[in-house]
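Side chains included, hydrogens not; waters and symmetry mates left out as well; all remaining heavy atoms used. Every number for a ligand or one of its atoms is a count from 1 in the order of the listing.
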Amino acid sequence: MGVMVCLKWGRELGLALIAALMLSACAGDMIPAGKRAQARKPSTPPRYGVNSAEFRQCAAKLSSLGARFTPLPDRSFGGGCTAYGAVQLDQINVPVQGLGVMTCPVAQNFAAWALYGVAPAARIYFGVELVRIDTFGTYNCRVIAGSSRLSEHGRANAIDISGFLLADGRRISVQNGWNGDAASQAFLRAVRTSACRRFRTVLSPDYNAAHHDHLHFDMGGRGGYCR
Ligand SMILES: [Zn+2]
């Protein structure tokens with residue numbers, strides 16, 4: 001009934017976009033009140049499942065970046081830990097050590113960061129090609145260090161980057177390079193800046209001692225946190 005009323009309004013307005021917006025608003029209104037309360041927990045941002053339109057859009061973008069990946073069934077692991085709308089990222093433009101399960105938005109931004117942020121920065125600051133990115137992984141069902149809040153790693157919604165291997169054999173680690181030689185310092189800060197344009201939260205050694213040896217990127221929270 002509600003959908004039909006909305007459709008009629010939409011047609012009379014004659015704008016397909018408005019009709020679509022109204023349809024989605026009306027569909028939301030038709031969820032019984034009890035279910036709606038369950039679906040909207042204010043502390044938890046929306047998590048898009050593997051069958052959602054958001055996931056399909058993300059997967060298309062990930063493909064357009066040249067990535068090879070496998071969509072994974074939505075899973076809940078207990079303790080609030082989940083992997084919704086996640087992929088196994090098999091290949092991007094550069095080899096990556098330690099790639100695990102991650103949400104599609106993390107995979108998409110990571111692939112774009114590697115391609116458009118890290119590879120050019122290696123050429124600019126070291127004059128050589130990037131040959132590998134090393135990570136400390138993605139999914140990990142745990143709380144944030146020093147807090148009781150679930151880490152975005154518990155939602156497969158974060159990735160930790162530990163270092164970079166260059167074509168001349170040099171390895172630039174976050175641990176040694178952050179306060180290392182001038183080129184390493186500049187390179188690591190440049191790739192952090194590039195990550196801040198893509199991920200919602202970026203934490204580096206500048207944030208706290210828990211991040212002295214890696215860069216943390218996630219797609220949780222409100223966004224705009226870059227330190
Ligand atoms: Zn992390």
Distance-minimising heavy-atom pair for Phe199 and Val106: CE2-O, 3.9 Å
Ring centers of Phe187, Phe126 separated by less than 6.0 Å: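 So the answer is yes for these two rings.
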Within the 6.0 Å centroid threshold, strictly below: Phe77 and Tyr139: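 Yes; Tyr139 has its ring centre under 6.0 Å from that of Phe77.
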Metal check, the Zn ion (ligand 1) vs His153 N/O/S, cut-off below 2.8 Å: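 His153 does place an N, O or S atom closer than 2.8 Å to the Zn ion (ligand 1).
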The Zn ion (ligand 1) to nearest N/O/S of His214 less than 2.8 Å: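 So His214 does not count as coordinating the Zn ion (ligand 1).
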Atom name in Asp160, limited to N/O/S, at shortest distance from the Zn ion (ligand 1):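 Of the nitrogen, oxygen and sulfur atoms in Asp160, the Zn ion (ligand 1) lies nearest to OD1.
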N, O or S atom within His216 nearest to the Zn ion (ligand 1), by name: ND1
Salt bridge present between Arg155 and Asp218 (N-O < 4.0 angstrom): no
